[in-house]
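Just below is one structure, and these are the notes that go with it.
Just so we're on the same page: letters track the sequence lines, and every chain starts at 1.
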Amino acid sequence: MHFIKKIVYTSMDYNYNEIEKKWQDYWRSNKTFKAENISEKPKYYVLDMFPYPSGAGLHVGHPLGYIASDIYSRFKRHKGFNVLHPMGYDAYGLPAEQYAIQTGQHPAITTEKNIARYREQLDKIGFSFDWDREVRTCEPSYYKWTQWTFIQLFNHYYNNKTNKAESIADLVKIFKTEGNKNVNASTTQNDVFTAEAWKAMTEKQQQEMLMHYRMTYLSDTMVNWCPQLGTVLANDEVVGGLSVRGGYPVERKSMRQWSLRISAYADRLLQGFDKLDWSDSIKEIQKNWIGRSEGAEVDFKLAEGEQFLRIFTTRPDTIFGVSFMVLCPEHEVISSITTFEQKSEVESYLQWAKNRSERERQAEVNKITGVFTGAYAINPLTHEEIPVWISDYVLAGYGTGAIMAVPAHDSRDFAFARHFKLPIPQVVLPSGEQPEDTSLWKESKDSKEGTCINSGFISGMNVKDGIKAVIDFVEKEGIGKRMINFRLRDAIFSRQRYWGEPFPVYYKEGMPYMLDESKLPLELPEVDKYLPTESGEPPLARAKNWQTEDGFPLECNTMPGFAGSSAYYLRYMDPRNDNEIFSKEANTYWQNVDLYIGGAEHATGHLIYSRFWNKFLFDLGLCVKDEPFQKLINQGMIQGRSNLVYRVVGTNQFVSYGLKDNYETQAIHVDVNIVDADILDTEKFRNWMPDFANAEFILENGKYHCGWEVEKMSKSLHNVQNPDDLVIKYGADTLRMYEMFLGPLEQSKPWDTKGIEGVFRFIRKFWKLYHNENNDFCVTDEKTTAAELKVLHKTIKKITEDIERFSFNTAVSSFMICTNELNELKCHKHEILQPLAVLISPYAPHLAEELWERLGNLNSISTADYPVCNETYLVENTFNYPISFNGKTRFQMEFPIDTATSDIEKAVLSNPDAQKWLEGKIPKKVIIVPKKIVNIVI
RNA sequence: GCCCUGGUGGUGGAAUUGGUAGACACGCAGGACUUAAAAUCCUGUGACCAUUGCGGUCGUGCGGGUUCAAGUCCCGCCCGGGGUACCA
């Protein structure tokens with residue numbers, strides 16, 4: 001009812017539905033926002049994180065970033081830039097495949113359908129995307145280049161000397177002439193071999209050796225295996241031992257998998273930040289994820305035999321305080337060093353540790369477990385014998401899988417030493433303290449600063465000097481060296497799933513080989529079921545003839561989600577190129593993304609993978625910039641605002657919010673779409689669910705008031721707002737401006753439709769500046785007044801400043817203020833209203849286009865120049881000084897702008913109001929800041 | 001635990017470089033128009049005290065500090081949101 005009334009009345013004035021459709025059609029048929037790769041104009045590349053097209057469609061949270069980037073794109077066009085503003089779909093993904101498993105419907109069909117829905121929703125909001133450049137990661141013409149890049153990764157290794165990826169063919173040449181003794185590469189093997197030894201290897205042995213160097217490599221690694229999803233996951237896809245998608249438990253398991261040697265780029269990924277305009281918080285998250293630690297690798301000789309244990313430490317100065325060593329349960333020397341007496345105990349511990357899930361291990365961090373191997377090592381500085389233990393608090397994946405324990409100064413070592421009654425020698429003394437009896441300590445002292453004590457030749461040094469002295473010593477002795485360690489692990493790149501890019505890989509005698517580039521794309525085959533085979537192979541193993549023309553079997557794993565999303569921004573530059581990933585010309589013109597807007601949840605996944613991928617392509621000389629995203633903005637989450645009704649326990653009665661405390665009630669989430677301004681539509685409620693058909697209500701003043709809460713937007717909480725309904729009810733321009741008006745782009749904020757009416761009112765007021773009571777266009781050529789010009793130019797200035805600092809919420813209020821002021825001035829003048837239409841067009845493009853046309857212009861408003869502020873209209877002759885006493889403002893006085901401060905002082909002090917506040921006292925001091933404030937100190 | 005964020009009216013928020021705290025909007029209250037309602041327009045709206053008018057006191061999570069002047073800078077806490085977690 002409410003809804004129909006609105007349509008009727010709006011057709012009387014601003015008919016947004018008709019106008020918005022008209023201009024969306026116009027933009028589509030005129031390709032208004034097509035970006036050319038050749039242009040005289042300077043370029044500007046604005047990118048949104050492309051969406052995964054889920055079945056639920058867009059909710060109001062999704063377009064927030066898209067609206068901001070669209071405003072900026074349109075602004076930049078007005079400013080004379082050639083703007084690249086594309087959109088596409090991250091189309092591979094688990095939900096479509098899970099749906100396929102359940103229903104048998106091919107994920108391509110589900111995906112296609114979802115994309116169509118997304119497109120329809122996006123179109124209705126009036127985005128200025130260049131749709132000719134749309135990409136979909138699941139299209140063969142797109143993933144051809146994902147596969148192609150994989151081949152390049154396979155054919156390159158990372159040269160630490162030149163600090164870039166170089167060709168494997170060149171590496172083979174070096175191996176042939178001099179072996180690997182002079183090679184400093186990022187590698188997973190340490191053996192040194194000669195040219196002769198290389199030549200003596202079989203092809204298979206050579207391939208196995210090269211695998212340790214390739215940027216993507218096949219290896220047996222401990223992976224995150226998720227049984228419920230039937231696939232392995234990368235580290236960023238696991239949080240707290242559970243899969244991010246679906247929340248299923250994840251186990252550690254050794255499997256033969258493809259990995260990307262992203263760790264080779266760890267240092268460059270860190271250094272790259274200096275040049276980037278990203279928020280500190282997102283840089284910080286990535287820095288922590290990469291986790292650079294400076295320290296040393298030191299070898300501890302075993303007391304028996306010639307073997308040694310290599311450890312990594314950031315605190316070489318504390319070696320004097322090492323009283324035992326600990327190995328991870330997976331450590332390879334365990335079997336050879338364990339003594340006969342300890343053997344059975346060690347074996348049962350290893351068995352126990354192996355069966356412990358990742359989740360249990362993380363949940364029971366405080367549970368101290370471990371076993372003594374019976375072996376002893378020699379502390380290289382004290383030369384004392386120290387016991388070697390095994391415990392799963394030492395991780396196989398970091399450092400060397402073995403640690404030197406410094407119980408006095410490390411909390412985990414301390415807890416372990418206390419539990420197993422091992423000695424705790426103190427070696428660092430914080431300044432101002434005396435050495436203590438460590439047996440009385442309740443916890444370790446993690447002394448990052450202080451003086452070394454009980455530490456041989458470094459006793460008396462401060463920690464920093466001690467570290468340096470010890471490293472120099474171990475390097476001289478040849479038992480250790482300076483070392484930088486990273487937390488960042490190589491990314492596991494295989495997935496045991498159907499709906500992803502096939503690897504361009506076949507196997508010959510168990511060794512992988514790349515398909516010839518001419519065979520790309522290797523298209524995803526049809527399968528009868530989207531499940532693993534009975535023997536546990538991935539779904540692709542079900543495909544018929546999944547082999548090369550020569551009969552060699554093809555890889556059955558597929559690539560992970562981040563494969564297709566790691567270089568899509570580059571493909572947008574030249575998306576229909578079938579001969580290369582993108583042309584040199586296109587890349588040289590577009591360079592990299594100037595502005596990237598998206599959610600902060602991609603900090604440790606997509607944003608790191610993309611930077612890695614881009615740096616690799618940069619090393620190959622394919623792209624001209626080594627960082628993909630110059631400026632990054634993370635839009636905040638839009639939370640849902642839920643409504644609650646209160647059922648009297650055990651009845652079918654619902655009591656209004658204000659009266660609920662008189663009853664024992666149960667709160668129930670109610671669909672926010674049947675609530676208006678917290679007032680429940682009781683009739684709709686009865687029809688909402690069969691359970692409530694006979695609901696009775698206890699009302700307040702004849703109305704049912706709902707309670708409310710801010711929480712995440714989700715179907716199950718019935719608080720999802722989708723943009724389509726709002727576009728129908730208020731129009732796209734109102735939705736766009738309202739989403740911006742909600743608050744700062746980067747902050748999380750609750751969605752509340754209450755306020756949208758205010759923006760809707762504003763849009764109509766704005767329309768009425770150009771129209772009379774009969775909705776006839778009424779803009780005149782009358783001469784402007786100084787007051788009108790001042791309003792216009794003040795607004796130009798403010799809006800331009802706001803847009804440049806991405807403060808869209810304050811820009812919207814400035815438009816409101818401007819409209820209110822022009823309305824008051826009854827201004828309907830062309831000279832004011834034409835530039836104003838351009839000013840608002842990035843925000844409310846449909847409205848602006850319509851007004852632009854009515855103003856007599858023939859081209860799209862997007863071709864108009866952005867108005868320039870003329871400061872001369874803003875010059876003030878006087879300033880209204882706040883007069884404050886001891887910092888408290890009491891009254892105001894107006895003075896001409898150029899009044900001398902001495903004159904101001906005189907005038908203020910003789911003012912009767914001032915006399916009242918002075919209470920006859922003589923001011924100690926009078927501070928006058930021109931055009932700011934007068935402060936009188938008494 | 002560690003790291004990053006944020007905390008301002010009934011609500012969303014503004015205050016860009018230390019200079020009149022609460023712009024703009026929602027909501028609410030009152031009024032105009034109307035047979036009535038919707039829409040629109042006008043007025044008021046931080047709290048408290050006073051109210052006949054003038055006014056006054058307090059106030060940006062809490063406690064200190066720097067300053068003529070602090071939402072803004074410094075120190076110490078509290079609370080919310082996000083990230084990360086045996087990383088040696």
Closest nucleotide among B:G19, B:A88, B:G13 to the A:Ile403 side chain: B:A88

Considering only heavy side-chain atoms of A:Asp280, the closest of B:C24, B:G12, B:U5 is B:U5

Nearest to the side chain of A:Asn288 - B:U40, B:C3, B:U16? B:C3

Which is true for A:Val394 with a 4.0 Å heavy-atom rule: it touches a base, it touches only sugar-phosphate, or it touches nothing? base

Find the partner of B:U40: check Watson-Crick (N1-N3 plus N6-O4 or O6-N4) and G-U wobble (N1-O2, O6-N3) distances, both under 3.5 Å, and reply none if neither fits. B:A32

Given A:Tyr738, which of A:Phe762, A:Phe760, A:Tyr730, A:Trp751 fulfils the ring-ring contact (aromatic ring centres under 6.0 Å, His included) condition? A:Trp751

Does B:C87 have OP1 or OP2 sitting under 4.0 Å from an N or O in the side chain of A:Arg489? no

Kindly say if A:Arg315 contacts the phosphate of B:C87, meaning a side-chain N or O under 4.0 Å from OP1 or OP2. no

Out of B:G19, B:A88, B:G13, minimum distance to the side chain of A:Phe312 belongs to B:A88

Can you figure out which of B:A88, B:U16, B:U20 approaches the side chain of A:Glu801 most closely? B:U16

Reckon A:Arg761 touches a base, only the sugar-phosphate, or nothing at all at heavy-atom distances under 4.0 Å? sugar-phosphate

It should be established whether A:Lys754 places a side-chain nitrogen or oxygen under 4.0 Å from OP1 or OP2 of nucleotide B:G27. no

Whom does B:U45 pair with, Watson-Crick or G-U wobble, provided both distances fall under 3.5 Å? B:G27

Give a yes or no on whether the ring-centroid distance for A:Tyr843 and A:Phe815 is below 6.0 angstrom. yes

Between B:G22 and B:G71, how far is it from one P atom to the other, in whole Å? 12 Å

Once you round it to whole Å, what is the distance between P of B:A39 and OH of A:Tyr730? 11 Å

In whole Å, what separates the P atom of B:C48 from that of B:G59? 15 Å

Please state the P separation for the pair B:G30 and B:A38 - nearest whole angstrom. 13 Å

If you only use heavy atoms from C-beta on, which nucleotide in B:G13, B:A69, B:C4 is closest to the side chain of A:Ser281? B:C4

If you only use heavy atoms from C-beta on, which nucleotide in B:G19, B:A88, B:A23 is closest to the side chain of A:Ser813? B:A23

Using a 4.0 Å heavy-atom cut-off, does A:Gln892 contact any base of the nucleic acid, only the sugar-phosphate backbone, or nothing at all? base

Could you tell me whether A:Ile285 contacts a base, only the sugar-phosphate backbone, or nothing, with contacts defined as non-hydrogen atoms closer than 4.0 Å? sugar-phosphate

Taking a pair as Watson-Crick or G-U wobble with both distances under 3.5 Å, which nucleotide is matched to B:U52? none

Within the structure, does a side-chain N or O atom of A:Asn820 lie under 4.0 Å from either OP1 or OP2 of B:A25? yes

Given the side-chain rings of A:Phe324 and A:Phe416, with only the six-membered ring counted for Trp, is the space between their centroids under 6.0 Å? yes

Answer with base, sugar-phosphate or nothing: what part of the nucleic acid does A:Ile817 contact at a heavy-atom distance below 4.0 Å? sugar-phosphate

Complementary nucleotide for B:C2 - Watson-Crick or wobble, under 3.5 Å: B:G83

Taking the six-membered ring of A:Trp441 as reference, does the NZ or CZ atom of A:Lys445 fall below 6.0 Å from its centre and within a 45° cone about the axis? yes

Does the side chain of A:Ser807 come under 3.5 Å of the side chain of A:Thr810 through a donor N or O and an acceptor N or O? yes

Cation-pi check for A:Phe766 against A:Arg761: NZ or CZ below 6.0 Å from the six-membered ring centre and within 45 degrees of the axis, yes or no? no

Mind running salt bridge (charged side-chain N to carboxylate O under 4.0 Å, His left out) on A:Lys797 and A:Glu871 for me, showing each step along the way? CA-CA 9 Å; A:Lys797 188 177 177 182; A:Glu871 297 270 355; 3.6 Å; yes

Within 45° of the six-membered ring axis of A:Trp289 and under 6.0 Å from that ring's centre, is NZ or CZ of A:Arg611 located there? no

For A:Ser807 and for A:Glu824, find the nucleotide of RNA chain B with the closest heavy atom, then tell me which residue's nucleotide is more 5'. A:Ser807

When both hydrogen-bonding distances must be under 3.5 Å and the geometry is Watson-Crick or G-U wobble, what is B:A14 paired with, if anything? none

Taking B:C4 as the reference, what is the distance to B:G13 when you measure between their P atoms (whole Å, please)? 24 Å

Is any side-chain N or O of A:Lys798 under 3.5 Å from a base N or O of B:U16, one able to act as donor and the other as acceptor? yes

Rounded P spacing from B:A70 to B:A21 in Å: 10 Å

Considering only atom C1', compute the distance from B:U11 to B:C28 and round it to an integer number of Å. 11 Å

Find the partner of B:G59: check Watson-Crick (N1-N3 plus N6-O4 or O6-N4) and G-U wobble (N1-O2, O6-N3) distances, both under 3.5 Å, and reply none if neither fits. none

Quick one: is B:A14 close enough that its OP1 or OP2 comes under 4.0 Å of any side-chain N or O from A:Asn809? yes

Is B:G9 syn or anti, taking syn as a glycosidic angle within 90° of 0? syn

The Watson-Crick or G-U wobble partner of B:U72, with both key distances under 3.5 Å, is none

Separation of the C1' atoms in B:U72 and B:U20, to the nearest angstrom: 15 Å

Euclidean distance, atom CH2 of residue A:Trp751 to atom P of B:G12 [Å, nearest integer]: 15 Å

B:G19 and B:G10: how far apart are their P atoms, nearest whole angstrom? 25 Å

